[in-house]
Amino acid sequence: MATERYNAREAEARWQKAWTEAKVFETKNDDPRPKYYVLEMFPYPSGRIHIGHVRNYTMGDVVARYKRARGFNVLHPMGWDAFGMPAENAAMKGHVHPKSWTYDNIATMRGQLKSMGLSLDWSREFATCDVEYYTQQQKLFLDFMKAGLVSRKKSKVNWDPVDMTVLANEQVIDGRGWRSGALVEQRELVQWFLKISDFSEELLSAIDTLDRWPEKVRTMQRNWIGKSEGLRVRFEIDGPAAGGDPTIEVFTTRPDTLFGMSFLAISADHPVARALGEGNADVTAFIDDCHRIGTSAAALETAEKKGYDTGLKVRHPFNGKSYPVYIANFVLMDYGTGAIFGCPAHDQRDLDFARKYDLTVTPVVLPDGEDAGNFVVGNVAFTEDGKLINSDFLNGLGVDEAKNKVASILETRDLHGKPAGARQVNYRLRDWGISRQRYWGCPIPVIHCDSCGVVPVPTKDLPVKLPDDVEFDRPGNPLDRHPTFSKCTCPECGKPARRETDTMDTFVDSSWYYSRFTEPRAGTPTVPSVVNSWLPVDQYIGGIEHAILHLLYSRFFTRAMKATGHVDFDEPFRGLFTQGMVVHETYQTADGEWVSPGDVDIVTDGGTRKARLRTTGEDVTIGAIEKMSKSKKNTVDPNDILESFGADTARWFMLSDSPPERDVEWTDAGAQGTARFLQRVWRIVSETSELVPATGTAEGGDKLALTLRKAAHKTLAMVEENIEGLRFNVALAKIYELVNTIGSALANERGTLEGDLAASNALREAVGILVKIMAPMTPHLAEESWAALGHDGMLALSDWPVLEKSLLVEDEITLPVQVNGKKRADVTVSRTAGNAEVEAAALALEPVIRALEGKSPKKVIVVPGRIVNVVA
Ligand code: ANZ
Ligand code: ZN
């Protein structure tokens, strides 16, 4: 009986059922214990869980189970980020409705997650495509609208001509749609926006409070918000104005470089450019050309810099000279004022432009250690700090002083009735365009009426439900061509009106789901008293790919929900952890075809690892260890892993080898090693259960008892510390050591364990601790072991072991022993030993006796706790 192998498959299913039946992981909001909210980023229901999910959810589950054992009321929910394009793509390809495709996938993936033994409160599960969820989201939208946080504006969008949809900048990769691969075009559309830019400063400054976020994520968020402090400078047009205004205003962060100016450039969408374009075919052609490159910063960065000399000139504010005005493709209309002054010596783009159009390059900032007489700028602009030169009254000043001086002068100078300069803070962060011309998303709850304009759908008429009877035979938005969806009457005047057919960006859905989990069936988006008691999320865990948008949108949403009375906190996630990826070796046949790990046998041939194709025995090359990807076929299916090894092995292996923020390499050999280790733990448990009685108190005892007790409590302390610090691999390494200690006691000291009550009590205690500290990682094996050790209740409901701090104190001490000033040996004595005892022990050491060469020492000085000095 005791030596029976642990049957993971059978035991795991059994314990999962037992947990579910006992509702162990269902969380009550009114539980009086302190609350702890741990959340992993919810999955998109693509069809199957992938190995990254296994790692992510294992980490969250370890935290959840650990915190539960430590007496917290833990909220650990799961749901589905279920709207989005892939469902529609599947519908277009496979004649399956996005809804059934999505819910079928959810069913499959739910089953897979359940087989991982995650301690989730499934009673709170929802999918963002559930009508109940998106109804509440529509309410939020209407509240945001009332609060002035929604706008509608015409804006240039990236248009994917194949998918017939607007793409976010991030969805345009090298000028092509991320899914369709089609060349993206620019179009103007009236879109719905959430006014995230109202919160730019707050979202930026609050990053400082996120001290439990990875520094790199905080930096990425800061850069994305992109605050810059600069000056708006108005230049007088030299000659007749185009479009009425006698001036052109630019935004610059480098007013110190004004004397290095050699041109002014405006965006193709600038009013002056438009005015010039009227009736001028050349200008219009150039403007059209500019529209063909994407609006994204990346697209502009890589595109060749082009300009059109308008013939207009502007007058410099200080030197009285005139400079040409270009329309340039690298100037964005929606940043600053849509116009710049170009200073080629100190800006690379301006320099490239100046070289192309043969404009002057005058350095005005001199690097330290350079000589003003010789300094020239070649093809690399000098963008750092230095001293001003060639700049009249600014000469000799530092960059910051010069900026200030220019600003103070221009602020107080009048130009055509307005100040010539004004200080300004700018942010890169743009308002969030949420309109999508798709079916499978949350309908935007507004109505367009010819008489009343845009009218919000009254709350009592919610939800605006997605119709089921839609067709996907053509690309584009099926809602647009649905026979009745858009037909409605105006809630204000009762005349026939048109329902909005745009749906919301799926990032909206994931911007507040964590709040919804606290009261997922409420008839309001949140129940404030409840959500405020749970949030912010104590520990959020997910992939670094969400470092910017998802987290920033969630941070904005929280503030918008606060402004509309739905929550009462600013930051949604107190702790954030971004886990590394799961990587795998790649395999390739002689003709370069990628082979999946499942089709390969690894053999060791003369000491080297070799890979062979399972079907033919043909040699395949073992390639680089890379992120799992379909294209290189180096993926492993969690399903296969769970079936062949069981959940505990997969969970343990995911945590054991690498720090959680780094990549971990999945290897079958590693997983087999883990499986063997878990069998070893099971043998230890079985032997212990036969050897020792089920009860008794571990205390005192002789050497073996003490060794076991100390090892167990030290490990306990280390595991606590390292789970709290999310250093799971370190915690696991400590557990391996404890298993070795217990294993060797069982192998070598059986007699003592059988005969000595203190020793056998210590063994039971140590194995009990082992089982409990493994439970967060390998919960099934731990339950099975707990029962085998004779306990009645479920381990999942029991408390964490109590640490006996006294056992952590080292009670021996080692001191160096010097003979005539030279170190000869170390002496180990009891911490409580008196000087005489230390002296005797030191003099009895073989190397000390040898060093004394038969002489008797003149003096022995014991510095307690430090050193023993022998003078001969
Ligand atoms: C003159 C200058 C001289 C500039 C120099 C830089 C270096 P950040 O820091 O990102 O805010 N700029 C302003 N508006 C722009 C627009 N709509 N499209 C493209 N470029 C624009 O960058 C501010 C700088 O970017 C501004 O400072 C301006 O160029 C340019 F030695 O003005 B600078
Ligand atoms: Zn109306």
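When a ligand or atom number is given, it counts from 1 through the structure's own listing order. What you are looking at is a predicted structure, and each value in this text was computed from that prediction instead of being measured. Quick note: residue numbers are just sequence positions, from 1.
Between the side chains of Lys495 and Ser451, a donor-acceptor pair is found at a separation under 3.5 Å. No side-chain donor-acceptor contact under 3.5 Å links Thr564 and Asp143. Side-chain contact annotation: Gln348 with Asp352, donor-acceptor N/O pair under 3.5 Å present. For the residue pair His482/Asp469, the side-chain donor-acceptor check at 3.5 Å is satisfied. Residues Tyr335 and Ser228 have side chains that bring a donor and an acceptor to within less than 3.5 angstrom of each other. Looking at Asn223 and Gln221, their side chains never bring a donor and an acceptor atom within 3.5 Å of each other. At a cut-off of 3.5 Å, with distance as the only test, no side-chain donor of Asn390 or Thr362 sits close to an acceptor on the other residue.
Ligand 1 lies out of reach of Gly336, whose nearest heavy atom is not under 4.0 Å from it. Note on ligand 1: Met333 sits outside its first shell, no heavy atom being nearer than 4.0 Å. Ligand 1 is approached by Ile340 to a heavy-atom distance shorter than 4.0 Å.
Between Cys490 and Ile447, the closest heavy-atom pair is CA-CG2, 4.5 Å. Of all non-hydrogen atoms in His291 and Gln186, the two that sit nearest each other are O-CG, 2.7 Å.
If you number the atoms of ligand 1 from 1 as listed, the ones under 4.0 Å from a heavy atom of Ser228 come out as 8 (P), 9 (O), 11 (O). When each atom of ligand 1 is checked for a heavy atom of His346 under 4.0 Å away, the hits are 5 (C), 7 (C), 31 (F). Atoms of ligand 1 lying under 4.0 Å from at least one heavy atom of Tyr335, given by number and element, are 8 (P), 10 (O), 11 (O), 14 (N), 15 (C), 16 (C), 17 (N). Against a heavy-atom cut-off of under 4.0 Å, Val331 is close to the following atoms of ligand 1: 16 (C), 17 (N), 18 (N), 19 (C).
The shortest N or O to N or O distance between Cys343 and ligand 1 is not under 3.5 Å. For a threshold of 3.5 Å applied to N or O pairs, the pair formed by Asp350 and ligand 1 contains no separation below that value. Backbone and side-chain nitrogen or oxygen atoms of Asp347 are examined, and none is located within less than 3.5 angstrom of a nitrogen or oxygen of ligand 1. Here's the thing with Thr253: one of its N/O atoms is less than 3.5 angstrom from an N/O atom of ligand 1.
Atom 18 (N) of ligand 1 has its closest protein heavy atom at Leu332 N, 3.0 Å. With hydrogens left out, the protein atom closest to atom 7 (C) of ligand 1 is Arg254 CG, 3.4 Å, a heavy atom. The nearest heavy-atom contact from the protein to atom 10 (O) of ligand 1 is Arg428 NH2, 2.6 Å. In terms of protein heavy-atom proximity, atom 19 (C) of ligand 1 is nearest to Phe330 O, 3.4 Å. For atom 3 (C) of ligand 1, the nearest protein heavy atom (residue, atom name, distance) is Thr257 OG1, 3.3 Å. In terms of protein heavy-atom proximity, atom 25 (O) of ligand 1 is nearest to Arg349 NH2, 4.0 Å. For atom 28 (C) of ligand 1, the closest non-hydrogen atom on the protein side is Phe251 O, 3.7 Å. In terms of protein heavy atoms, atom 33 (B) of ligand 1 is closest to Thr252 OG1, 3.6 Å.
Aromatic ring orientation, Phe259 versus His316: tilted (interplanar angle from 30° to 60°). Relative ring orientation between Trp213 and Phe573 is described as tilted, the plane-to-plane angle lying within the 30° to 60° band.
Partners of Lys356 according to the salt bridge (Lys or Arg N to Asp or Glu O under 4.0 Å) rule, which considers only residues two or more places apart in sequence or in another chain, are Glu304.
For the Zn ion (ligand 2), the neighbouring protein N/O/S atoms at less than 2.8 Å, given as residue and atom, are Cys449 SG, Cys452 SG, Cys490 SG, Cys493 SG.
Applying the 6.0 Å contact sphere to CG of Asp461 captures more than 12 heavy atoms from other residues, nucleotides or ligands. Environment of NZ in Lys153: crowded, with over 12 heavy atoms of neighbouring residues, nucleotides or ligands closer than 6.0 Å.
Only one option out of Tyr357, Tyr308, Phe341 pairs with Tyr326 in a ring-ring contact (aromatic ring centres under 6.0 Å, His included); it is Tyr357.
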